[in-house]
Novice: 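Structure below; questions to follow.
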Amino acid sequence: MEKPIREVAPVAGESREDAVGRFLAEALPQIVWMANGAGELTFVNQHWFDYTGMSWAETLERGWTSALHPLDRERVEGEAMRSALEGVPFDTEYRLRRQDGEYRWHLSRAQARAMPDGSRQWLGIATDIEERKCAEEELRRERERLELALNAAKMGTWDWDVRTGTVTWSHHLKAAAGITEQAFEPSYAAAMGTVHPDDYARVQSAVERSLRDDVPYEQEYRAVRPDGTERWILGKGRVVRNAAGEPERMLGVAMDITERKRSEADLRRYNEQLEQFAFAAAHDLQEPLRNVRIYSELLLRRSAPVLDEQSKDFTRTIQGSAERMANLVRDLLLYARAVDGERDEVIDSAEAVGYALEELAQRISDSGASVSANGSLPTVRVFQPHLIQVFRNLIGNALKYRSLDRPLEIVIGAERQGAEWVFTVRDNGIGIHPDYHERIFGVFKRLHGNDVSGTGIGLAIVKRVVEHYGGRVWVESAEGEGSAFRFTLPAVPGFTQP
């Protein structure tokens with residue numbers, strides 16, 4: 001057995017190239033080793049001794065595999081023997097024990113070379129890959145957690161190579177589309193072929209817009225299974241671009257939302273039935289209330305000469321109560337139908353403000369109020385009549401609760417905050433005590449009794465409309481200092497404030 005060579009100068013029978021190679025081996029941070037054709041070690045560099053703490057004599061006596069983890073030893077010895085007998089490259093991973101007893105993962109690779117005497121010599125290198133193995137293990141755990149989350153959410157993933165048109169679907173997505181592994185065609189055309197014909201143009205347009213404008217993709221559509229059944233799918237994705245800004249891939253998730261859509265349809269049907277009932281009830285209540293008002297007024301006119309003042313007051317109270325009851329029935333119906341007639345459209349919120357001001361023009365003129373916009377207003381995705389109603393109620397609320405000590409000033413503005421717009425309708429009216437900031441958004445909640453006209457449902461309608469679009473509404477106010485009503489609406493991807 002040869003003694004490990006550590007001299008820099010060539011020794012007998014060694015070329016200068018081999019000497020330089022040995023010198024470099026000593027300087028490398030990896031373990032460098034050589035073995036003869038029988039697989040017996042003939043050389044290890046200093047890093048082996050520093051790392052394992054074994055001397056050359058101990059290495060030869062106990063064998064280099066004695067430093068391996070017990071669970072790896074038999075496997076590695078078998079692979080080393082196979083390489084020695086068959087002359088195939090040695091390439092394996094194992095855990096190697098350090099001097100302090102800790103095992104760390106190493107990747108060992110070796111290649112045989114023919115010697116002048118016809119024998120083989122093995123030259124190998126072992127590199128510490130502990131950090132890589134730890135990263136791989138963490139990645140494996142992350143994948144397991146992701147798989148559990150996807151299973152729990154019944155969500156599938158997809159990956160579209162824009163350049164080649166190849167599409168990869170997870171098994172969850174294939175299951176949702178009713179496609180077996182054998183029948184799956186990994187192409188964009190085949191993927192789009194599962195989309196219902198009535199939804200195809202909308203989905204295709206959304207994909208093209210994501211590629212063109214670099215906006216997130218999000219669509220709900222019907223997928224037609226091979227057996228003809230339909231499932232509702234919610235798809236979300238984003239575009240991955242290269243350094244030149246060109247789209248390379250599109251990654252996303254898809255979820256089967258059929259049950260949710262069925263629940264929404266059931267809820268919509270129940271709401272329609274409830275609305276029909278409310279409409280019928282409101283209509284039926286209006287008639288007797290109208291009769292109460294009419295006949296009490298006739299009674300007051302015809303019997304005024306014979307009625308004393310107390311009887312006249314009773315009659316006026318009846319009239320006033322009937323009028324308030326009629327207003328309550330009317331506004332309750334408005335609340336029930338606050339989010340009716342919705343359709344998907346992108347609108348300029350400034351136009352909605354303009355229409356609201358036109359409807360309130362007479363009240364604004366009578367009150368001497370000034371209404372202005374603080375900057376430009378953004379584009380939002382809202383059914384326009386709904387947003388008009390929100391501004392009409394908020395501006396009308398400011399007109400109703402104005403201060404008599406100063407001219408009323410109303411300022412409307414909007415500010416982008418993350419993924420949403422925050423709208424503000426500010427006034428210098430009488431203000432609201434902090435104790436009532438939450439209460440005022442409830443149905444029929446009024447802070448001033450009958451001193452101020454109204455049914456107390458206007459702000460409740462604002463809250464219902466805003467929350468219907470995923471926003472929120474609140475007020476910032478103090479008594480005598482005016483109020484700032486704020487509400488949020490999601491920003492439309494690709495649109496900015498003009």
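For this chain, numbers begin at 1 and follow the sequence in order. Quick note: numbers below take in every heavy atom, side chains included, and nothing from hydrogens, waters or symmetry partners. Just so we're clear, the structure is a prediction, and the values are computed from it rather than from any experiment.
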Novice: Check the angle between the aromatic planes of F441 and F485 and answer parallel, tilted or perpendicular using the 30° and 60° thresholds.
Specialist: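 Answer is perpendicular, since the angle exceeds 60°.
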Novice: Using 0.5 Å steps for rounding, measure from the CG atom of L394 to the CG atom of L459.
Specialist: 6.5 Å
Novice: Do R75 and T92 meet the criterion of a side-chain donor-acceptor pair at a distance under 3.5 Å?
Specialist: yes
Novice: Within the structure provided, determine whether T488 and W421 are in side-chain contact (heavy-atom separation under 4.5 Å).
Specialist: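 Sidechains of W421 and T488: no contact.
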Novice: Roughly how far, to the nearest 0.5 Å, is OG1 of T379 from CD1 of I347?
Specialist: 9.0 Å
Novice: Considering residues at least two apart in sequence or located in another chain, which fulfil the salt bridge (Lys or Arg N to Asp or Glu O under 4.0 Å) criterion with E359?
Specialist: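 Testing E359 for salt bridge (Lys or Arg N to Asp or Glu O under 4.0 Å), a comparison that skips the adjacent residues, returns R392.
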Novice: Please report the shortest heavy-atom distance between V380 and S349, naming the atom on each side.
Specialist: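 Of all heavy-atom pairs spanning V380 and S349, the closest is CG2-CB, 4.4 Å.
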Novice: State, with a plain yes or no, whether a side-chain heavy atom of R241 is found less than 4.5 Å away from one of E246.
Specialist: no
Novice: Taking atom CZ of R301 as the centre, report whether more than 12 heavy atoms of other residues, nucleotides or ligands fall under 6.0 Å from it.
Specialist: no
Novice: Check step by step if side-chain contact (heavy atoms from CB on, under 4.5 Å) holds for Y94 and H106.
Specialist: CA-CA 6 Å; Y94 51 76; H106 279 67; 4.0 Å; yes
Novice: Is any side-chain heavy atom of E415 closer than 4.5 Å to a side-chain heavy atom of F423?
Specialist: no
Novice: Less than 4.0 Å between a side-chain N and a carboxylate O, is that true for K133 and E130?
Specialist: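 No, this pair does not count.
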Novice: In sequence, state the C-alpha distance, the side-chain angles, and the governing distance for R109 and E93, and then conclude on salt bridge (charged side-chain N to carboxylate O under 4.0 Å, His left out).
Specialist: CA-CA 9 Å; R109 288 174 173 167; E93 296 178 357; over 6 Å; no
Novice: Does the cation-pi check pass for K174 over W169, that is, NZ or CZ under 6.0 Å from the six-membered ring centre and within 45° of its axis?
Specialist: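 Output no; distance or angle outside limits.
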Novice: Start with the C-alpha distance between F391 and F487, add both sets of side-chain angles, then the distance that settles ring-ring contact (aromatic ring centres under 6.0 Å, His included), and finish with yes or no.
Specialist: CA-CA 10 Å; F391 282 119; F487 67 93; 5.7 Å; yes
Novice: Show the numbers, then the answer: is there a side-chain hydrogen bond (donor to acceptor under 3.5 Å, both in side chains) between D366 and Q362?
Specialist: CA-CA 6 Å; D366 293 343; Q362 189 60 51; 2.9 Å; yes
Novice: In Å, rounded to the nearest 0.5 Å, how long is the span from CZ of F383 to CD of E345?
Specialist: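 The distance works out to 6.0 Å.
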Novice: Who passes salt bridge (Lys or Arg N to Asp or Glu O under 4.0 Å) against E409, sequence neighbours left out?
Specialist: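 Testing E409 for salt bridge (Lys or Arg N to Asp or Glu O under 4.0 Å), a comparison that skips the adjacent residues, returns none.
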Novice: Below 4.0 angstrom, N of the basic side chain to O of the carboxylate: do E230 and K261 qualify?
Specialist: no
Novice: Could you check whether any side-chain heavy atom of R464 comes within less than 4.5 Å of a side-chain heavy atom of I461, counting everything from C-beta outward?
Specialist: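 Counting from C-beta outward, R464 and I461 never come under 4.5 Å.
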Novice: Please examine the side chains of V162 and E248, heavy atoms only from C-beta on, and report whether any two atoms are closer than 4.5 Å.
Specialist: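 Not touching, per the 4.5 Å side-chain cut-off.
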Novice: Checking side-chain contact (heavy atoms from CB on, under 4.5 Å) for the pair I257/I233: CA distance, chi angles, key distance, verdict?
Specialist: CA-CA 6 Å; I257 58 170; I233 303 295; 5.8 Å; no
Novice: Taking NZ, NE, NH1 and NH2 as the nitrogens, is one of them in E136 or R140 under 4.0 Å from a carboxylate oxygen of the other?
Specialist: no
Novice: Could you list the residues that satisfy side chain to side chain donor-acceptor pair (under 3.5 Å) with R486, not counting sequence neighbours?
Specialist: T424, E476
Novice: Hey, does M250 have a side-chain heavy atom less than 4.5 Å from the side chain of W158?
Specialist: yes
Novice: Measure the OH-CG distance between Y51 and L96 for me, rounded to the nearest 0.5 Å.
Specialist: 5.5 Å
Novice: Is the closest side-chain donor-acceptor distance between D308 and S311 under 3.5 Å?
Specialist: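 S311 and D308 do have a side-chain donor-acceptor pair below 3.5 Å.
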Novice: One thing to verify: whether D227 and R225 come together as a salt bridge, which I'm taking to mean a side-chain N less than 4.0 angstrom from a carboxylate O.
Specialist: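 No, R225 and D227 are not salt-bridged.
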Novice: Between W160 and V207, is any pair of side-chain heavy atoms under 4.5 Å apart?
Specialist: yes
Novice: Are the side chain of S187 and the backbone of A190 linked by a donor-acceptor contact shorter than 3.5 Å?
Specialist: yes
Novice: Looking only at heavy atoms, which two atoms of A398 and L408 are closest? And how far apart?
Specialist: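 Minimum heavy-atom contact is O-CD2, 3.6 Å.
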Novice: Salt bridge check: are D427 and R402 linked by an N-O gap of less than 4.0 Å?
Specialist: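 Salt bridge between D427 and R402, a charged N being under 4.0 Å from a carboxylate O: no.
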Novice: Would you mind checking if R293 and E297 are paired as a salt bridge, meaning a charged N to carboxylate O distance below 4.0 Å?
Specialist: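 Not counted as a salt bridge, because no side-chain N and carboxylate O are separated by less than 4.0 Å.
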Novice: Can you tell me how far the CD1 atom of I179 sits from the OG1 atom of T194, to the nearest 0.5 Å?
Specialist: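 One finds 6.0 Å between CD1 of I179 and OG1 of T194.
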Novice: CG of D128 to CD of E131: how many Å apart, nearest 0.5 Å?
Specialist: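 One finds 7.5 Å between CG of D128 and CD of E131.
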Novice: Regarding R212 and E208, does a basic nitrogen lie under 4.0 Å from an acidic carboxylate oxygen?
Specialist: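 Looking at E208 together with R212, the answer is no, because their closest N to O distance does not fall below 4.0 Å.
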Novice: Between D161 and R249, is there a side-chain N and carboxylate O pair less than 4.0 Å apart?
Specialist: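 Salt bridge absent between D161 and R249.
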Novice: Tell me whether R202 at atom CZ has more than 12 heavy atoms from other residues, nucleotides or ligands lying less than 6.0 Å away.
Specialist: yes
Novice: Heavy-atom count around Y355 OH within 6.0 Å, excluding the residue itself: above 12?
Specialist: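 No - once you tally the heavy atoms of other residues, nucleotides and ligands closer than 6.0 Å, there are 12 at most.
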Novice: Looking at R222, I want to see if its CZ is surrounded by more than 12 non-hydrogen atoms of other residues, nucleotides or ligands under 6.0 Å.
Specialist: yes
Novice: Does atom NZ of K312 have more than 12 heavy-atom neighbours, drawn from other residues, nucleotides or ligands, at distances under 6.0 Å?
Specialist: yes
Novice: Would you indicate whether the side-chain heavy atoms of P378 and R416 approach each other to under 4.5 Å?
Specialist: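 No; the side chains remain at least 4.5 Å from each other.
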Novice: If you count the non-hydrogen atoms of other residues, nucleotides and ligands that lie under 6.0 Å from CZ in R302, is the total more than 12?
Specialist: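 12 or below, so no.
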